[in-house]
Each structure stands twice: as C-alpha cells, then as structure tokens.
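Scroll down for the structure; my scribbles are underneath it.
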Amino acid sequence: MATKYDWSAIARNSKYLELKRKKRVFLFGWWFASSVYYFLLPILSGYFPDLFKIKIIGVVNFGYLFILSQFVVAFFVAIIYTRVANNEFDRLTDELVREIG
Amino acid sequence: MLAKTLSALLLSTFLFTAALAAEPAKTAGPSAAVSTPSAPVSSPAMAAPAAPTAGPVTAAPAPAPTKVKPNRAITITMFMAIIAVTLGVVIWAAKRTTSAADFYAAGGGITGLQNGWAIAGDYMSAASFLGMSGLISLYGIDGFMYAVGPMFSFIAILLVVAEPCRNAGKFTLGDILSFRAAPKTVRGVAALSTVTVSLFYLIAQMVGAGKLMQVLLDIPYRVSVIGVGVLMVGYVVFGGMKATTWVQIIKAGLLMTGTVLLAFLVMAKAGMNPIGFFNDIVNSQLVQDHVRMNVLKDVVAKPGFDYGQRFMEPGLFLKNPLDQISLGIAWALGAAGLPHILMRFFTVPSAKEARKSIVVALFINSSFFFLINLIGFGAALYLTPQLISSVDKGGNMATLLLAQKLGGGAGSFGGDVFLAFICAVAFATILAVVSGLVLAASAAIAHDVYVNIIMGGNADQQTQVRVARVTSLFVGIAAIIMGLAAEKENVVALVALAFAVAASGNFPAVMLSLFWKRFNTAGVVGALVVGTVSALSLVMISPVMTYPQKIADDAKKVITTLEKKQAEGAVLVEKDLKALDKARADFQKNDGGTSMVGLKAPIFPLKNPAIVSLPLGLLAAILGTLLFRDRRAEEMFDEIEVRQITGLGISKASDH
C-alpha cells in the first residue's frame, strides 16, 4: 500500500466519530430489532400455539401470515439499510476520506 | 493445456459413469436401509442444509413401491450439458488464474450483482430444494417455518459482518482474526476451525449427493460420489474462485428458473387463487387422513377435530420449542460465521459491492424459500402426502415428483423433460455447493498454514497458486474418501455441527475482533476452541446421533405387537411378515449397542447445541481476553476499527 495512514489520528477525527456513532446505532439497533422479531417465531409457535391457530383469511391462519411477515421484515430491513448506507454512510465516508486526503 | 487434459479427464470419468449407469445398479436390499425404524430420517435438526438423507424407500415393504423414474436419456443429456457448460467456464477461468488473489478471490473482479447470485448459489442447497418442500408436503406449516432461519441468516451478514469483513480482511477467516493478534497462533486455530466446519458440511453434502444421484440415475453410490467429487476437484483446482463463482451463478440461475416455473405451475393449477389453494388443501380428504393416521396416529378420528386445518398449524414436526430457539440461533449467527460464505466477500472490489451482493443474495434467497412453500403445499395437494411418503419417507422426492406430474405426468414427454430438468438443477446445485466448500478449506490450509505460518508470508505468486491447487486436490480427495466411508452414517448431525461450530466459535471471534478493543489472541483462541469443542461434544451426546439401543427397543415393540397378533391366530399379511423379519434383524443387530461415544441414550436433550455452546464460546472469548491482556492488540484497535468503518487502506484483492 502506498499511503500510510495515522490510524489513531483518524480515530479522533470528529467526522469519523460521527460516522462511527451513526453506524453503530443504526446497525446494532436494526440487528437487535429484527432479531427480536425473528425469535418471536419459535417462541410464539412453541409456547403459544393457540395464537398461531387463529384463522385470519379463510383457512389461512395467523401462523402462516406471521411466517410471511418474517420475509417482509427481512426485505424491509435490507431496503432501509441500503438506502441509509448509500445516502448517508457512504457520503460521510467520502467526506472523511477527502478530509484526510 | 492443463485445462484440456482436465476436461478430457473429467469427460471420460463421466462417460464412464454414464456407461455404468446404463446398467441399472443393484440397490441393496434392506441392509442398505438408511432409514431406521425411528424414521423420518431427515427429521433431525437441520434437514434444511443437510442433503436428503433418506434414500429410496427401503424400509417400507409396501406392495410395488413407487419410485421416481427419470427418463435416462433425457436426464443424462441434461447432466452432460451442465458438465459441458461448467467445464467451459473452468477452461476460461484457468487461463485467468495466475495469482493467489485470482485463485482465492477471483482477483476482486466480481461485481456485487454477480456475487449476490453466487452467494445465493453457495447457500441454497439441494436439501432446501428437495428436503424442505418434502417437509412441507408431509408436515404442513412446520416445514415452512423451517425456511425462515436460512432466510433470516442474511440479516446479520448484511448488517454487521459483510462490509466490515470486506474492509478489514483479504482471503480467509484467518486474515480477519489475525489482524491484531499473534498471527501464527490465530491463523493456525482459524485454519483448523475452517477445515473442520467445511469438511463436516462437505461430507454431509457428498453423502447426500451420492444418495441423490443413486436414485436419479440409478447408478451405484460409489460412482456418484466419485463422479461429483472429480468434477468438484476439477472446478476448484483449475478454475479457483473464478470458476467456482461462475458455477455457483449458473446453478443459482438454474435453481431459480426451476423453482419459479414449478411454483408458477402450482399456482396456475390453483387458478391463481392462493386462498382457494389453501382451502383445497385443508379440505383434501387425503391430507386429512394423512394428518390423522400418519402424523397424529389417531386411529379413530376425534369427533369435531379439523385434521385438515391442523396441517396449517404448528407442532406436527417441530416439537421442542427450546430446540427451535437453539436452531434459530445457529441459523441467525452460524451462517455469518461460515468460512465459505465469508470468503465470498473478498471477491468484490469494495464494501459497497459487498453490501449490494448481500442484498441481492437476500432477495434471491427469500424468494426461493417463499416459492418452496408453494411447491411444498402444492405437492401435498396435487400429489398427496401418501404418495410422497411412499416414495421416500422423508419426503425428499416431493419436488421431483411434482415436476413430473405438472410437466404432464409420468411417461409423457413433458413430464420426462421437466423431471430431467429438475434433476439437473439438483445436480448443478450439489456441484456448486461442494466446490465452494473445497475452496474454503483449501484456502485455510494453503493461505493460512502454508504461506503465512510455514513460509512466514514469503511466497511468490506462482508458488502460492501451485500450493493452493495441490491443497485443493488433497482436500477434494479427502472429501471423496470420507464421503464413501460415511455412506451409512447419519450425516444430518454433521450439518448441525457445522452451523453450531460456526455460530459458537467463528461468529463471536469475528464480531469481537471487529468491535471490541481489548480482544486479543487469547480471546480468539478461547472462542474458537471452546465454541468448537463444546458444540462438538454436545452434538456427540445429543439425540441426533444414532442410538442402537433405541433402534433395538423400537424393533422389540414391533416384534411384540406382531407376535401377539400371530399368537391370537391372525394370519399376517406379507407386509407384516417382512416387517417382522426386519424388526428381528434390527433387534439382533442393535440390542445392547451404544452410540459412537458409548451411550445408550442421549444425555443432552436438544438436537441443536447452539443455545449452550454459543454462550460458552462467548464466555471463553471474554475470559481469555481479560486474563491475558495484550497492549499491542489494544493499540492496534484504532487501525482495524477505522479500516472496517471507512474502508481506508482496503486490501484490493488484486494488489500484492
């Protein structure tokens, strides 16, 4: 690698700290939230099977729709993340890299 | 030159296979029965990534058992077409593989979109394609619930693993973990862990592949394992990551085509009305009978109980909630720690492309699992669970049978072609998955152990590529030998193990390396060793192992029942007589026997160890770190953190 970076100086840069904080809150926040939703599936189906039996549309019950909703949530998280990362994280990173030069 | 020799070699192997195939294999009698009396063999833990374990129905001595009978000429033509195309790719890739970066990371020249398809291709196994739809067709909604884990596993990869790893790593798991730890120690342990995980997974896939090809082409198990093995070795040794990537992309394309087509045909048959479709399933007399008699074993129907609706309710297959949570952990975190998946992030040039590839993979993968649910329920409605389980107790043939039926039925041209196509898709699927695994295991040995530990990082490109090729050859040969040896083993345990080890050892090690300042050599070693050993030992004493005493006890029950019937003067039908003989033989063989570690019954109650082994791995990581503080690791944290967050100083796979 041609360039040598002063890593600890970058680690104290205010732009870097902002990027780091934003990424951390967003990534771990969404990871945690989606994991909670994901683990609701084995927990609800295992310990509250009656909930899964409630018919919602014709014979299609809450359980089936809940499983489908897991797919929707995963799609949703992927889309949200792509937008935020493309618009915000990448922009902040570019600004930071330019500042360090 | 090399490539030509190779293609000639591979082609001749397969022609040999095909020639052998012309002579129908003698499928061994009951002795080859993979299915024990405690059937649904494919039931345990990870039926999903495990290749189909239950072979053709050997246990059911039903009169004239039905079989999947693909049209041999059409099927072999399609297989040859796939082999020809992939070999073309290998020849193309072999010419362009000159550096270590080419071999391990395709020179970083894969785009996000391509890598997304390749990751999906790496991840969707033949078992999800065949096994999961089978589970749904036999156990209803529980099978569909199974699909959520593999789908969700991409979330952790997307949010916290892919981009940081791309920014901080180079070729292997060892590269990430050894960044600020004692490089030789950590690389050694990481390589050991990678080889363990990949080989477990690989053996399970090889055995599954052998059994599947045995059924589809009617060739001996040996021939199918060796055939798949030779192709896999050829792809990796000559084409490295470039060929492996394209084999995976081709496979993912074929698999999605087959899946979309099948699901579309199911929906077309249901008049594009999903509510009516499920209504028909619930009201199907045969589905109701199946749930009542085969699953719930109610000889007399409970008055007023809606057995059809029960098919749409959980608990027919997945019985222990704690086991489901444990399995959920293995999925959610294990996939993010699988070395062959991690390796795929290094094939793209930047974190942005890594992100794109995971999003693409997530969409393909989720669509796949959603469509599998339609195929599974469609198989239940249009084929009936009775037919599916008569062909294979674990339901592994459901997708294939459905293709035949929706293509126009057995014997019709359309049915033959569609069935052959789906068989070819399964074949391509197997090839792609095993190739990725061989590559990951050999990268760990060649790059971490040879280049970085033995040679201290000093090896020129030519040597590195040569070593990588030789290593892949040996890993491949080892996999073939182990695949042959494990024919009669219960390989489902191995897949459970691979995921559990990845979740309990690799995942905490990777996460803490990237996010915890104090994390150091002792922590990495602690996580990998304790995570691996605890997962391994828990699986050894868990219910997924084979317990001969249990088989003997079950056989005893059958013997008692049937002998009592005989004693009462009833004349046993032929089916019962055969069952009696088999039970007696089973009892003789298994009575007093113990499992691999000398147990009569499992000690650990869960099939999936992650719920216990992950906390243990994590604890070891934390304790190790705190007990052996390492200033250097702490000082270097700034560097790895800045790198992983910003991508500064990213190791371009192409430079060296």
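So that the names make sense, note that chain A is the first sequence line, chain B the second, and so on, each numbered from 1. The structure displayed is predicted, hence computed values, not measured ones.
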What part of [X] gets closer than 4.5 Å to chain A, counting heavy atoms only: side chain, backbone, both or neither?
X	answer
B:Leu322	both
B:Met145	both
B:Lys356	neither
B:Phe154	neither
B:Ile329	both
B:Phe277	neither
B:Val160	side chain

Relative to chain A, which of [options] shows the most heavy atom pairs under 4.5 Å?
options	answer
B:Gly328, B:Ala147, B:Ala351	B:Gly328
B:Arg310, B:Lys319, B:Gln309, B:Met636	B:Gln309
B:Asp142, B:Ile358, B:Leu362, B:Asp323	B:Leu362
B:Asn320, B:Ile141, B:Val282, B:Val359	B:Ile141
B:Gln324, B:Lys352, B:Met151	B:Met151
B:Ile275, B:Leu648, B:Asp306	B:Leu648

Those residues that, when tested against B:Glu635, pass side-chain hydrogen bond (donor to acceptor under 3.5 Å, both in side chains) (two or more places apart):
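B:Glu635 satisfies side-chain hydrogen bond (donor to acceptor under 3.5 Å, both in side chains) with no other residue.
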
Taking B:Asp280's backbone N and O only, do any of them form a donor-acceptor pair with B:Ser284's side chain (distance below 3.5 Å, no angle check)?
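No.
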
Is there a donor-acceptor pair closer than 3.5 Å between any side-chain N or O of A:Lys23 and the backbone N or O of B:Ile645?
yes

Counting heavy-atom pairs closer than 4.5 Å to chain B, which one of [options] comes out on top?
options	result
A:Thr82, A:Asp90, A:Leu19, A:Val77	A:Asp90
A:Gly63, A:Gly58, A:Ala74	A:Ala74
A:Ile57, A:Thr93, A:Asp6, A:Asn86	A:Asn86
A:Tyr47, A:Phe71, A:Phe89	A:Phe71
A:Trp30, A:Phe52, A:Phe75	A:Phe75

State whether the number of non-hydrogen atoms from other residues, nucleotides or ligands found under 6.0 Å of A:Phe48 atom CZ is greater than 12.
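Counting other residues, nucleotides and ligands, CZ of A:Phe48 stays at 12 neighbours or fewer.
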
If you look at every heavy atom in B:Ile157 and B:Ser153, which pair is closest and at what distance?
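Looks like CG1-O, 3.5 Å.
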
Chain B heavy atoms under 4.5 Å from [X]: which part of the residue, side chain, backbone, both or neither?
X	answer
A:Ile79	side chain
A:Arg12	neither
A:Ser8	both

How are the rings of [X] and [Y] set relative to one another: parallel (under 30°), tilted (30 to 60°) or perpendicular (over 60°)?
X	Y	result
A:Tyr38	B:Phe152	parallel
A:Phe62	A:Phe66	parallel
A:Phe28	B:Phe515	perpendicular
B:Phe377	B:Phe311	perpendicular

Would you kindly say whether B:Glu641 and A:Tyr16 are connected by a side-chain donor-acceptor distance under 3.5 Å?
yes

Is a donor from one side chain sitting under 3.5 angstrom from an acceptor on the other, for B:Glu353 and B:Asn115?
no

Audit row: B:Phe369, B:Ser128, side chain to side chain contact (heavy atoms under 4.5 Å, CB included) steps and yes/no
CA-CA 8 Å; B:Phe369 285 116; B:Ser128 343; 3.7 Å; yes

Can you tell me which residue pairs pass the side chain to side chain donor-acceptor pair (under 3.5 Å) test with a partner in residues 55-81 of chain A, sequence neighbours excluded?
A:Tyr37-A:Ser69, A:Tyr64-B:Asn373, A:Tyr81-B:Glu163

